[in-house]
Number of protein chains: 2
Amino acid sequence: MNATPPDGVGADRPASPVLQRKITIGDVAARAGVSKSAVSFVFNGRSGVGEEARERILEAARALEWRPDARARALSRSRAQALGLVIRRAPELLSTDPFFPQFVAGVESFLSTVGYALVLQVVDGEEAEREAYSRFAHEARVDGVFLTDLRVEDERPAELAGLGMPCVLLGSGTGEGTAPIGLDDAAGIRRAVRHLHALGHERIAHVSGSDRYVHSRVRREAWASELAQLGLRPGTVVEADFTGAAGARATHELLDDPEPPTAIIYANDIMAIAGISAAIDRGVRVPHDLSIIGFDDIPLAPYIIPPLTTVRQDVFQWGNACARALVSIVEGNEPGAIELPPVEFIVRGSTGPVRGQGEAIIEAAG
Amino acid sequence: MNATPPDGVGADRPASPVLQRKITIGDVAARAGVSKSAVSFVFNGRSGVGEEARERILEAARALEWRPDARARALSRSRAQALGLVIRRAPELLSTDPFFPQFVAGVESFLSTVGYALVLQVVDGEEAEREAYSRFAHEARVDGVFLTDLRVEDERPAELAGLGMPCVLLGSGTGEGTAPIGLDDAAGIRRAVRHLHALGHERIAHVSGSDRYVHSRVRREAWASELAQLGLRPGTVVEADFTGAAGARATHELLDDPEPPTAIIYANDIMAIAGISAAIDRGVRVPHDLSIIGFDDIPLAPYIIPPLTTVRQDVFQWGNACARALVSIVEGNEPGAIELPPVEFIVRGSTGPVRGQGEAIIEAAG
DNA sequence: GTGAAAGCGCTAACAA
DNA sequence: TTGTTAGCGCTTTCAC
């Protein structure tokens, strides 16, 4: 749509007043009375331009509302100045997952300060995910990617390395090699277990996420080891998939046990909330008969009945830190130390003291 | 970092086995024994290449794992082959809002079929939003943008036009000029009102979103007009901001009325769920004393106690349709007719028959 | 400290 | 039908 003057020579002014030619670095240079490279230098924070010229250049750019064209810049610097995020989620989890929007917001909070863009891709299967990364790499759309939902024996880091695509791994716990950046889920779970123990609970079950994910496994292991630490018998674990339906199902399964748990720790809030419903549906009172703990602290958690006791992570800061690290990596700098806020444990109404055996018997006899 | 052979002539094979040169269209052309333009033509679906040559080119590209570099392509075609989405949300709403992830997924579902990328920007204020659009435009990062949360007397369409940035408006209801693409919120609200009316309710209140948004206003007006249509007295409306806290506050305000409503329709599920809690906290039973209807059908809605009656929109399809329309626009084609699925009304346990005056009196007297 | 010129990898007009 | 060539707008080396 842009009208380019027919004469190939750079015209001083656009001939047509209607369809204006795109303003380029040349226009700014001309207006400031300097060369293109001078303008380039100023906009790339390099020395070699006098203070006075620099001022004129900035002024000209402002007047012309000019900014370096990202496409041209990307081409000549062989860098897209963009980062990629591939989100693989089952559709039914998408609108519920509190992680993704907050993480993106955190990433953006850093990227916008350094002029990077975030390119998003949402996929729903393994093949589509692989294809997405492959496209990012071959089309050179992005300079690096975030790898979320780290899996057990995950092949993606190696595949990305093969594509020459820098990445940061989002993972909980400590990994060897390329250390993942993550919040300390395990600490949150351990605090949950201790909280229940302090309330007198001894049969503490766990509804986990899919065991293929590192974060699921980390949470489950933290639960199991803390149980052992406190000298409690191993608890029952039911594997679910983070959906409300699965949380309800797992809860029923647990409560069907002849010796049901008096408390359940869920791998996320959605399952925990569905668990509350499931329990109440079968006449099990929360927290009177059953204490329930979630994970995430979704904004709805305080507005459930009873309000949900849960573990809160600062996903926004996590995203910010990951973005910071990835930009450092793609720019060839040493990523500085990463400081993430600790997880918080939020006690609300869904947990309470265990109802003693004696009390139960008396009640039954009465 | 790439080692470019010192000789400018296109070498047959990369000289260095370690740092391999990036593969370009020239390599593919050489391998297939054709010119670069032949390769370009094939990859842009243009005629002018013989079937046999075409086959060789595709084969060569496959062997070399080559795809057109998005940056170079963007520069020479003056098109980024990317679309932008600026999301402006208060942080506390981000992780709850069911719209954004689903919309993005829907957008992607179309974009990935046509090789467009989605560039995201999350901002939290008016100035930042303006700046984001300005950057998209001046840096030519994207070819068009989605404009969400259309506001009353919104200046953004005009600003975008001034920047020469194509856009599609996401809006409910019908607008004149550039027609927004949207689902029919109003129909959902009207069905909610009729549902309550059929259950005998006559005092039906509404907790709306901020009145600055077109969608808030559309929903409120649908509620008010349907009330009138049914011959009911005008109901009370309380303006809130889509958060749980605001929903709870609005609910208390409504129930404090000497003549409180017997049913409340909320502008989203979060506020409705918080409303249920607020009601129960003050001894008002749902749905026995108060019927509650939400909007969105978040995945948690069936797992609340009582399960939430609500209006469901197919945001995924909405996103898909918007993407389709925007791509048509930026490619200069006539956007085809847009067919969006109708909203659904989901009846669950949070609504029930109104408790008659008589019954209340009898109970009070008893 | 400044300017000229050669790319970055692709597309597209034009010539053969 | 095929190949040649001139950009797209910026960065960056290298003379001046």
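By convention in this document, chain letters (A, B, ...) are assigned in the order of the sequence lines, proteins followed by strands, and residues within each chain are numbered from 1. Nothing here was measured: the structure is a model prediction, and the numbers come from that model.
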**Prompt:** Salt bridge or not for Asp149(B) and Arg88(B), using N-O below 4.0 Å?
**Reply:**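 No.
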For [X] and [N], what is the distance between atoms [atom1] and [atom2] respectively, to the nearest whole Å?
X         : N       : atom1 : atom2 : answer
Arg141(B) : dG9(D)  : CZ    : P     : 17 Å
Arg67(A)  : dG9(D)  : CZ    : P     : 17 Å
Leu64(B)  : dG9(C)  : CG    : P     : 14 Å
Glu52(A)  : dT2(C)  : CD    : C1'   : 14 Å
His138(A) : dG9(C)  : NE2   : C1'   : 15 Å
Arg79(A)  : dG9(C)  : CZ    : P     : 15 Å
Arg71(A)  : dT11(C) : CZ    : C1'   : 13 Å
Asp69(A)  : dC8(C)  : CG    : P     : 19 Å

**Selection residues 36-61 of chain A - residue pairs positive for ring-ring contact (aromatic ring centres under 6.0 Å, His included), sequence neighbours left out** =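 Found Phe43(A)-Trp66(A).
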**Partners passing salt bridge (charged side-chain N to carboxylate O under 4.0 Å, His left out) against Glu131(B) (at least two apart in sequence or in another chain)** =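 For Glu131(B), the residues satisfying salt bridge (charged side-chain N to carboxylate O under 4.0 Å, His left out) (neighbours in sequence not counted) are Arg67(A).
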**Asked** Can you list the residues that meet the side chain to side chain contact (heavy atoms under 4.5 Å, CB included) rule with Thr113(B), with sequence neighbours excluded?
**Response**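 Result, side chain to side chain contact (heavy atoms under 4.5 Å, CB included) vs Thr113(B): Phe110(B).
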**Prompt:** Tell me the salt bridge (charged side-chain N to carboxylate O under 4.0 Å, His left out) pairs involving residues 70-87 of chain A, sequence neighbours left out?
**Reply:**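 For residues 70-87 of chain A: Asp69(A)-Arg71(A).
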**Asked** Using the C1' atoms of five pairs at each end, what's the angle between the two axes of the helix from dG1(C)-dC16(D) to dA16(C)-dT1(D), to 10 degrees?
**Response**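 The angle, to the nearest 10 degrees, is 40°.
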**Message:** Holding to side-chain hydrogen bond (donor to acceptor under 3.5 Å, both in side chains), I want the full list of residues that pass it with Arg156(B), two or more places apart in sequence or in another chain.
**Reply:**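 Residues passing side-chain hydrogen bond (donor to acceptor under 3.5 Å, both in side chains) with Arg156(B): Glu129(B), Asp154(B).
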**Prompt:** Under the side-chain hydrogen bond (donor to acceptor under 3.5 Å, both in side chains) test, which residues partner Gln317(A), sequence neighbours left out?
**Reply:**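 Per chain and number, Gln317(A) pairs via side-chain hydrogen bond (donor to acceptor under 3.5 Å, both in side chains) with no residue.
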Donor-acceptor list for residues 120-128 of chain A side chains, cut-off 3.5 Å, not counting sequence neighbours:
| from | atom 1 | to | atom 2 | distance (Å) |
| --- | --- | --- | --- | --- |
| Gln121(A) | NE2 | Glu108(B) | OE1 | 3.3 |
| Glu126(A) | OE2 | Arg130(A) | NH2 | 3.3 |

**Request:** Heavy atoms under 4.0 Å is the rule here; annotate nucleotides 11-16 of chain D 5' to 3' with B where the base is hit, S where only the sugar-phosphate is, and - elsewhere.
**Result:** SBB---
**Request:** With heavy atoms under 4.0 Å as the rule, sort Gly48(B) into base, sugar-phosphate or nothing.
**Result:**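 It contacts base atoms.
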**Asked** Taking side chain as C-beta onward, heavy atoms only, is Phe136(A) less than 4.5 Å from Leu163(A)?
**Response**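 When only atoms from C-beta onward are counted, Leu163(A) and Phe136(A) do not touch, as no gap falls below 4.5 Å.
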**Request:** May I ask you to verify if any side-chain N or O of Thr24(B) is less than 4.0 angstrom from the OP1 or OP2 atom of dG9(C)?
**Result:**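 No, no such contact exists.
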